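Remarks on the structure that follows.
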There are 2 protein chains.
Amino acid sequence: MGLVAIKNHLKSVDTSSLVDKVEANLVELLQQRKLKVGDSIPKEIELAEQLGVSRTVIREALLRLRMMGLIESRKKKGAVITNPDVFGIISKSMNPHILDQDTLKGIFEIRLVLEIGMADFLFQRITKADIDELKEIVSKEPTATEHHLFNIDHEIAFHGKLYEITGNETLKKFQKMLLPVFDYVHHSGLLKKQTQEKKFVSHKGLVDILENGSPELFRNAMRNHLENHFLRLFS
Amino acid sequence: MGLVAIKNHLKSVDTSSLVDKVEANLVELLQQRKLKVGDSIPKEIELAEQLGVSRTVIREALLRLRMMGLIESRKKKGAVITNPDVFGIISKSMNPHILDQDTLKGIFEIRLVLEIGMADFLFQRITKADIDELKEIVSKEPTATEHHLFNIDHEIAFHGKLYEITGNETLKKFQKMLLPVFDYVHHSGLLKKQTQEKKFVSHKGLVDILENGSPELFRNAMRNHLENHFLRLFS
DNA sequence: TTTTGTATTATGTATGACATAATAAAAATA
DNA sequence: TATTTTTATTATGTCATACATAATACAAAA
């Protein structure tokens, strides 16, 4: 039997650690038992006995689940099932100082993609009250002479409200997570210098379209509104 | 001094655990020291001594960093800095069986947002070779009579290629993470039944636009292409 | 020079102990 | 009785120590 023949017969050996197995075991448990949020799982010691491993291993596996947002462990009560907050979890590793340049730039781009692509959901779910609120925000738009920070706050208020209107909580959380990174990239030397702060479609223009226009119009308007960002990426 | 006055003077007490502090400490270390990928950090025992806590605490903090994708610990060598794979990390908690309905639906929607909003990046970065590859994929489109699974594979191949063309690795990873969830939602009873599988803009139509059209045209075409999905959400 | 064996070492796992905080139960007070 | 205060209880949080295991470096052998 030649070498190749041997290789083909070799199954890759299970190299996973004990903790890996316990983790998988527990995740499966959560899925199968259809445990509701708030239900509690067995105590660490009980799990250790049942699965035949030390409490150390159990703790480490539980810790992983906790980091995945699947459980919350509280003293005395033990661990309870929670609704995993998908994006809340990685917020911590969403640290501009740690991410590499490509990722940072990628995240910058993703925001642009989202805001252009969300048009249909905006039009589907926007209410009169939303429009009023947007107008209110726009009316408080800082003048060009005012401090830079006011502008940032205003930007966040306006665009954040848009995410809110989509009615998609997950999307909103996603934005909240991306925001600091976007801001960092915007102000770092990572992108080309903004040659000129041209004014394209304004916030007010966007609101007008939300009130009287269509998703198609809005997408193009938003694309135009974000032109300065695109210029820094493409030119 | 009344109760309210007292309350206002009370600073919220630091309730964070030892592990929390050590974790923060280590993250800060990573940021400050400008450690390159591949650099290794001190051994667990050394860290324990330096920070004045037990190895248990250190291990738990390191585990968190590991889950955040900041480090990779390997036997003998110790922990080394890694490039955090922002989305790879949460893939594990991206389990359709564990996420609640709202989140699932939200993720379904996000995919639609992304594919409509990515137009500008497609046009900016697409190459002749990409178009050829897309045409190749389209040419292999399964007929309506063929098995359902072929269709799914084809869908994934085509749309996956689009993400690839954007040149945004982070976006691509994001899609890879969302894909199983999207698929799950699509085939679960979570959304309204698809009354009729209408054919709108085809894959071929999209490629034509990529070759000869504009981002604006593409956005509208993609919106139309995804009409069946939108119908299930909105009607 | 390449392979094979050996020693080293840092993480992985196990065990036992105590601290701490959240809860439940009991006791005291109105 | 209802409400507050005290006290036990208990499960997680932390510590310390010991040994297993696997990855690496180094020496020895071919």
Side-chain angles (χ1 to χ4, degrees), chain A residues 2-3 6-7 10-27 29-30 35 37-82, chain B residues 3 6 10-26 29-30 35 37-82 92:
Chain A
L3 182 60
I6 290 176
K7 272 191 178 168
L10 281 176
K11 288 176 187 170
S12 65
V13 122
D14 178 23
T15 174
S16 63
S17 70
L18 265 182
V19 178
D20 291 331
K21 287 165 192 152
V22 171
E23 179 197 343
N25 219 317
L26 290 176
V27 169
L29 180 83
L30 297 197
L35 296 170
V37 172
D39 289 353
S40 62
I41 62 179
K43 296 166 280 189
E44 291 177 355
I45 296 180
E46 287 175 14
L47 286 173
E49 283 171 3
Q50 277 180 252
L51 298 180
V53 295
S54 74
R55 195 181 147 215
T56 310
V57 172
I58 296 290
R59 274 186 67 78
E60 203 162 320
L62 286 178
L63 175 55
R64 290 191 188 175
L65 299 198
R66 208 154 68 220
M67 288 224 67
M68 290 192 271
L70 299 183
I71 63 171
E72 245 173 40
S73 38
R74 311 170 59 164
K75 294 200 173 183
K76 167 82 180 184
K77 257 229 155 170
V80 297
I81 313 279
T82 60
Chain B
L3 184 59
I6 291 177
L10 280 176
K11 287 176 188 168
S12 63
V13 130
D14 179 21
T15 174
S16 63
S17 69
L18 265 180
V19 178
D20 291 329
K21 287 164 192 154
V22 171
E23 178 197 343
N25 219 318
L26 290 176
L29 180 83
L30 297 198
L35 297 169
V37 172
D39 288 353
S40 60
I41 62 179
K43 297 167 277 190
E44 292 177 354
I45 295 180
E46 287 175 13
L47 285 172
E49 282 171 3
Q50 278 182 255
L51 299 180
V53 294
S54 74
R55 198 182 144 213
T56 310
V57 172
I58 296 290
R59 274 185 67 76
E60 205 163 317
L62 286 178
L63 174 53
R64 291 191 188 175
L65 299 199
R66 207 155 67 220
M67 290 221 68
M68 292 191 275
L70 298 183
I71 62 170
E72 247 173 37
S73 34
R74 310 169 58 164
K75 294 199 174 184
K76 166 83 179 181
K77 258 232 155 169
V80 298
I81 313 277
T82 59
K92 277 193 178 179

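Predicted model, so just to flag it, every value in this text is computed and none were measured. The chains referred to below are lettered A, B, ... by the order of the sequence lines, with proteins before strands, and numbering in each begins at 1.
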Which protein N or O atoms sit under 3.5 Å from an N or O of nucleotides 12-14 of chain D?
residue, atom, partner, partner atom, Å
D:dT12, OP2, A:Glu44, N, 3.1
D:dG13, OP2, A:Arg59, NH1, 2.9
D:dG13, OP2, A:Arg59, NH2, 3.3
D:dG13, N7, A:Arg55, NH2, 2.9
D:dT14, OP1, B:Leu18, N, 2.8

Can you measure B:Leu63 atom CG to C:dG12 atom C1' for me and round it to whole angstrom units?
12 Å
Please step through side-chain contact (heavy atoms from CB on, under 4.5 Å) for the pair B:Lys21 and B:Val53, ending with a clear verdict.
CA-CA 11 Å; B:Lys21 287 164 192 154; B:Val53 294; over 6 Å; no
Residues at least two apart in sequence or cross-chain that pass side-chain hydrogen bond (donor to acceptor under 3.5 Å, both in side chains) with B:Ser54, listed by chain then number, are none
Taken to the nearest whole Å, CG/B:Leu65 to P/C:dT11 is 13 Å
Between B:Ala61 and B:Leu26 the two heavy atoms that sit nearest each other are CB-CD1, 4.1 Å
Measure CD/A:Glu46 against P/D:dA11 and give the value in whole Å, please.
7 Å
Could you tell me which residues satisfy salt bridge (charged side-chain N to carboxylate O under 4.0 Å, His left out) with A:Glu46, sequence neighbours excluded, listed by chain and number?
A:Lys43
Heavy-atom donor-acceptor pair, A:Asn25 side chain to A:Val22 backbone, under 3.5 Å
no
Interatomic distance, B:Ile71 CD1 vs C:dT11 C1' [rounded to whole Å]
12 Å
Pick out which of A:Thr82, A:Val27, A:Ile41 makes a side chain to side chain contact (heavy atoms under 4.5 Å, CB included) with A:Leu65.
A:Val27
